[in-house]
Amino acid sequence: MKLDIKNLSHTYDIEVLHDLSFQLEGKRSLALLGQSGSGKSTLLRILAGLEKPTLGEVMFNDKRVTDPEYRKGVGFVFQSHNLFPHLTLLDNITLVLEKTRGFTKEAAHKRAMENLATLQLDDQAHKAPRNVSGGQAQRASIARALSVDPEVIFLDEPTSSLDPILTNDVLTAVEELRDSGKDFVFATHVMSFVRDFADYVIFMYKGKIVEHGPPEIMDGPKSEEMRSFMSKVR
Ligand code: ADP
Ligand code: MG
């Protein structure tokens with residue numbers, strides 16, 4: 001990935017991201033760490049083009065994230081699956097492909113089944129989200145994000161609603177996408193996953209980037225803020 005953030009600030013009722021500038025090139029998998037409220041989700045949504053920043057400029061893979069075209073190259077997986085409850089896992093994916101990407105019914109079916117198989121869900125394709133486990137539903141969300149063949153996949157604490165076993169299933173499935181050629185940007189509190197999967201880490205505190213570097217920085221934080229955070233999550 002190539003990321004270029006210039007003087008990014010974001011305000012809701014108060015400012016929650018404060019004049020961030022950051023560049024990164026040649027990494028595949030970027031983790032955002034930080035305690036709740038530090039701004040991870042806001043930054044992820046801005047990077048994914050889901051939210052327009054109040055100030056500043058953000059380029060991802062040489063595209064301006066506020067360009068409408070940019071959104072088409074992006075997949076997003078939310079904290080808890082946001083599948084349509086009245087549709088099967090399969091139809092949740094074919095709907096997106098048919099309505100937003102102009103796939104024929106047949107092509108959408110083929111693509112969706114391939115993506116479900118990648119996430120080991122081909123045998124669950126005809127079930128509704130409520131009839132599968134939380135981990136399977138979240139894997140279906142990942143299959144749906146993958147189905148549009150995005151350049152980059154954003155995951156915002158994709159396992160925060162899951163128990164440890166299901167968390168492991170979902171994160172293992174993400175790790176298996178390592179060689180898919182896609183870029184990954186994610187927030188998580190599962191530090192073992194960050195160590196295994198991330199090749200770069202950003203630590204945020206109160207709307208600022210306090211430290212960044214390879215995952216090894218987790219073992220020797222320079223700042224008191226990150227040291228304190230790491231001592232709580234380990
Ligand atoms: P994190 O994902 O690290 O928990 P967030 O980006 O969700 O952090 O939140 C950063 C700050 O922005 C918090 O103070 C939060 O309350 C605030 N915030 C997030 N989303 C909204 C919103 N839609 N409206 C108002 N305030 C928000
Ligand atoms: Mg969040």
Side-chain angles (χ1 to χ4, degrees), residues 1 3 5-22 24 29-58 60 65-66 70-71 74-83 134-135 137-139 141-142 144-145 150 152-164 166-167 170-171 174 183-195 197-198 200-213 215 217-218 221-234:
M1 75 182 72
L3 177 59
I5 301 176
K6 283 203 188 86
N7 302 108
L8 167 66
S9 294
H10 197 68
T11 302
Y12 295 114
D13 36 342
I14 54 163
E15 190 177 271
V16 299
L17 295 179
H18 311 295
D19 196 23
L20 307 185
S21 290
F22 179 77
L24 186 67
S29 170
L30 171 64
L32 306 185
L33 305 185
Q35 67 189 46
S36 181
S38 56
K40 303 180 298 296
S41 295
T42 304
L43 182 56
L44 279 174
R45 285 198 301 270
I46 289 171
L47 294 181
L50 300 179
E51 187 148 339
K52 190 180 181 304
T54 311
L55 281 175
E57 196 170 84
V58 183
F60 203 114
V65 300
T66 46
Y70 171 77
R71 280 278 298 118
V74 161
F76 204 100
V77 178
F78 296 89
Q79 263 175 311
S80 45
H81 81 78
N82 61 339
L83 301 168
Q138 196 54 307
R139 268 156 44 211
S141 307
I142 296 170
R144 185 174 59 177
V152 46
I153 297 189
F154 295 89
L155 304 109
D156 190 1
E157 298 190 35
T159 62
S160 59
S161 65
L162 303 177
D163 69 36
L166 296 181
T167 291
V170 169
L171 295 180
V174 176
D183 291 327
F184 293 87
V185 183
F186 59 95
T188 184
H189 292 301
V190 183
M191 293 302 132
S192 56
F193 177 68
V194 177
R195 290 174 200 283
F197 190 64
Y200 208 81
V201 172
I202 286 176
F203 172 73
M204 298 181 69
Y205 184 80
K206 293 189 178 170
K208 292 197 162 174
I209 295 175
V210 173
E211 291 196 41
H212 58 88
I217 65 168
M218 296 159 71
K222 292 198 188 78
S223 61
E224 185 46 46
E225 291 88 348
M226 186 167 178
R227 201 171 310 136
S228 164
F229 174 78
M230 290 307 303
S231 72
K232 287 173 201 154
V233 290
R234 226 188 284 258

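The first residue in the sequence is number 1, and the count goes up from there. Numbering of ligands and ligand atoms starts at 1, following listing order.
For ligand 1, one of its N or O atoms has an N or O atom of Ser41 under 3.5 Å away. At under 3.5 Å, a nitrogen or oxygen of Gly37, whether backbone or side chain, sits near a nitrogen or oxygen of ligand 1.
The two residues Ser29 and Phe197 come nearest to each other via the heavy atoms OG-O, 3.0 Å.
For atom 25 (C) of ligand 1, the protein comes within 4.0 Å by at least one heavy atom. Contact annotation for atom 12 (O) of ligand 1: protein present (non-hydrogen atoms, distance under 4.0 Å).
Residue-ligand proximity: Gly39 is placed with a non-hydrogen atom under 4.0 Å from ligand 1. The closest approach between a heavy atom of Gln35 and any atom of ligand 1 is below 4.0 Å. Ligand 1 lies out of reach of Met204, whose nearest heavy atom is not under 4.0 Å from it.
If you run side-chain contact (heavy atoms from CB on, under 4.5 Å) between Phe60 and each of Val74, Leu24, Val185, only Val185 comes through. Residue Ser228 forms a side chain to side chain donor-acceptor pair (under 3.5 Å) with just one option from Lys232, Glu225, Glu224, and that option is Lys232.
Using the six-membered ring where Trp is involved, Phe76 and Phe78 have ring planes that are tilted, between 30° and 60° apart. His212 and Phe22 have perpendicular rings, their planes meeting at more than 60° on a 0 to 90° scale where under 30° would count as parallel.
Heavy atoms of Arg45 found under 4.0 angstrom from ligand 1 belong exclusively to the side chain.
Looking only at heavy atoms of the protein, atom 3 (O) of ligand 1 is closest to Lys40 NZ, 2.8 Å. Among all protein heavy atoms, the one lying closest to atom 5 (P) of ligand 1 is Thr42 OG1, 3.7 Å.
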